[in-house]
Amino acid sequence: MRAVTIALMSEVNQELAARFDQMSKVLEILDENRFRVASYARAARALEALGDDLARIGPDEKALVKIDGIGKGLAALIAEYLRDGRMADYDQLMASIPPGLPALLEIQGLGPKTIALLWKQAGIESVEDLKKKLANDSLADLPGLGSKKLENLRKSLTFAQTAGQRFRINQAMAMAQWAIQELCDKAEGIKRIEYAGSLRRGRETIGDVDLIVACGDEHRGGISEAFRSLEPVTEVLGSGDTKTSVRMGSGIQVDLRLVRPEQFGAALLYFTGSKEHNVKLRERAIRRGMSLNEYGLADRDDPEKLIASEDEPSIYKALQVRWIPPELREGRDEIERAEKGELPELVTVKDIRAELHAHTQASDGRMGLRDLAMLAIDLGYHTLAITDHSRSQVQAHGLDEARLLRHVEAIRSLASELEGQIQLLAGSEVDILADGKLDYPNSLLKQLDIVVASPHAALGQDSKMATSRLLKAIANPYVTILGHPTGRLLTRREGMNPDMRAVLKEAAQRGIAVEINASPWRLDLRDHHARMAIEMGVPLAINTDAHDSNDLDNLYYGVQTARRAGAGKTHVINCLDRKELAKWLASTRA
DNA sequence: GCCGTTTTCGGCCCGACTGTTTTCAGTCG
């Protein structure tokens, strides 16, 4: 555990989120009031998603209770931690059970009741203990643990050791689209089929894929069978009348739900979530004398009396609120905002008219300059910026000064040829070096139409250094866009953790844009930082950072991230028309 | 422990599937 004095920025948020999460698990194993358990878990999620830095808010309980999900009790705990660097309740709680016990909750099929039983009656205190006892068959005497259950536990343990947990959104999307196509080809009677869950909400990583199928009752068996028989299925986790779960070879879990066509909207809404959004919708239904479940919105007193169920908009309408796009359904303030008419018209892929960050064969791209330009023309863009890597990116064939100048010449030459079809901007993705200096001198940057400044190396810097590094880069008068500010790679590398509020404040003052890098590896800015950017008046740039022709399709993920932040097209510079964009670019150099 | 458009107490979402249960508890989403 880090001492609080050196825990910086949102490291504090993460630390406190981890503690509340842990506390909720311990309380659950101790069979505490389930609503109390849920409160700690909810608080943990709230802190993880909090754009603001708790260290900045400080031990001010009045300010802390303003955070949704934090009440008086938890605010006092947070304040205690921020003030003293410790939390007595946490220490006490953690001392009350063996430290290895909460980790058992991660094992599929193992819940708090069974863990408590294993602990109290078999002396199991950790995953290791469980493995040993499972191996020598000494658990069969425990009540409620038959041979089947033990076998399933063995399987879960093997899986937990070998497999990762969350998948990047493009991996989940590929699986979802493939499975949908296969089922449509191979099964009879599918009336509608959609993916739901966090994939539909556009989260940056996905735990499992949910598919919702509308069909008549007579087709259920066949569709379930076709699903279980999909070639990549390695394990059927469960299969009943309306629900089947399988695990694919890649490790990803896919759930299939079968519903009647007239219930499709309710099921789609329910399984799209988020859980928190659903809870709020249900509470809203109850306040209005109705009840909502995956089969529909019904009269509370007469559940047979369906009010809405066939599609999502009719359900929202009956709840007296505008339809809410899935990307916003995170259970924050979206329902209240929708009610007040404050939800913006969210940006769409069609609104994007310019690509402002792309690579060619000059550095590490696969496309030639002309091929890339042609693709951009096909996509209907009015502007394409060519931004190859700068000299320090040796492994990516970064351009030294002489090569960059020749490249610029080539771009300008092609630009005049294609005048009237597309505007080509000669630019660079310039490395922000570890000390915040840029990889080219200003005399060179000055000659470019656009400069995307991004960090690529020294990403393990502490938060303080990362912050001053980015601030220094933003202050450079020739930077146009701050590219993928943290340098993270999802499921692979955490990246830097700068004080994003300070970075965005500087960007706002300088008048430059900050990128949402649409690569599913990056999605950087992430959603809640993009939301913070909007609140602070910083323009967003949604760029694919394309290295290959397929990469241009990643735009969808970047747009979804922007939508999750509540961005409309006025917040995104790629939506400006050609003239407006030129004017904006000029303004960054004023 | 949180929360408030029946608000400071009394609620807090609810159904499917599995396994061991002979009527239901635990887990999951």
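The basis for the numbers below is simple: all heavy atoms, side chains too, and nothing from hydrogens, waters or symmetry mates. In what follows, chains are A, B, ... by sequence order, proteins preceding strands, each numbered from 1.
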Measure from [atom1] on [X] to [atom2] on [N] and round the result to the nearest Å.
| X | N | atom1 | atom2 | result |
| --- | --- | --- | --- | --- |
| A:Q253 | B:dT27 | CD | C1' | 12 Å |
| A:R284 | B:dG4 | CZ | C1' | 14 Å |
| A:E28 | B:dT27 | CD | C1' | 10 Å |
| A:K340 | B:dT5 | NZ | C1' | 12 Å |
| A:D333 | B:dT5 | CG | P | 14 Å |
| A:L150 | B:dG26 | CG | C1' | 15 Å |
| A:L104 | B:dC28 | CG | P | 12 Å |
| A:D208 | B:dG29 | CG | P | 6 Å |

Determine whether a donor-acceptor pair (N or O, by modelled atom type, separation under 3.5 Å) exists between the side chain of [X] and the backbone of [Y].
| X | Y | result |
| --- | --- | --- |
| A:S309 | A:E262 | yes |
| A:R260 | A:D217 | no |
| A:E80 | A:A88 | yes |

Looking at A:S245, I'd like to know whether one of its side-chain N or O atoms comes within less than 4.0 Å of OP1 or OP2 on B:dC28.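 For B:dC28, neither OP1 nor OP2 has a side-chain N or O of A:S245 closer than 4.0 Å.
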Can you pull out the residues from residues 217-228 of chain A that lie within a 4.0 Å heavy-atom distance of DNA chain B?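 Per residue number, the list is empty: none.
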Considering only heavy atoms, which members of residues 57-76 of chain A lie under 4.0 Å from some atom of DNA chain B?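 By residue number: A:D68, A:G69, A:I70, A:G71, A:K72, A:G73, A:L74.
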In whole angstrom, give me the gap between the [atom1] atoms of [N] and [M].
| N | M | atom1 | value |
| --- | --- | --- | --- |
| B:dT8 | B:dC13 | C1' | 23 Å |
| B:dT23 | B:dG19 | C1' | 14 Å |
| B:dT27 | B:dT20 | C1' | 14 Å |
| B:dT21 | B:dG11 | P | 35 Å |
| B:dA16 | B:dT7 | C1' | 35 Å |

Closest nucleotide of DNA chain B for A:R287 versus for A:D89: which of these residues is on the 5' side?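 Nearest nucleotide further toward 5': that of A:D89.
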On DNA chain B, does the nearest nucleotide to A:P143 precede the nearest nucleotide to A:T244 from the 5' side, or the other way round? Give the residue.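 Here A:T244 is the residue nearer the 5' end.
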Note: [X]-[Y] ion pair, threshold 4.0 Å (strictly below):
| X | Y | answer |
| --- | --- | --- |
| A:R284 | A:E339 | yes |
| A:K148 | A:E151 | no |
| A:R257 | A:D210 | yes |
| A:K25 | A:E106 | yes |
| A:R45 | A:E48 | no |
| A:D527 | A:R332 | no |
| A:R200 | A:E312 | yes |
| A:E327 | A:R563 | yes |
| A:R203 | A:E330 | no |

Please determine, for the side chain of A:Q108, which listed nucleotide (B:dG29, B:dG19, B:dG26) has the closest atom?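 Selected nucleotide: B:dG29.
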Among B:dG1, B:dT27, B:dT5, the one nearest A:Y40 by side-chain distance: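 Taking heavy atoms from C-beta onward, the closest nucleotide is B:dG1.
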May I ask you to say what A:S147 touches in the nucleic acid, namely base, sugar-phosphate or nothing, with a heavy-atom cut-off under 4.0 Å?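 The residue A:S147 makes sugar-phosphate contact but no base contact.
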Using a cutoff of under 3.5 Å, can you pull out all pairs of nitrogen or oxygen atoms linking the protein to nucleotides 11-15 of chain B, with atom names and distances?
from	atom 1	to	atom 2	distance (Å)
B:dC13	O2	A:R282	NH1	2.9
B:dC14	O4'	A:R282	NH1	2.9

Given that both distances must come in under 3.5 Å, which nucleotide forms a Watson-Crick or G-U wobble pair with B:dC24?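 Paired with B:dC24, as far as the under-3.5 Å criterion goes, is B:dG19.
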Using 30° and 60° as the class limits, which term best fits the ring planes of A:H277 and A:Y316: parallel, tilted or perpendicular?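 Rings of A:H277 and A:Y316: tilted, as their planes differ by 30° to 60°.
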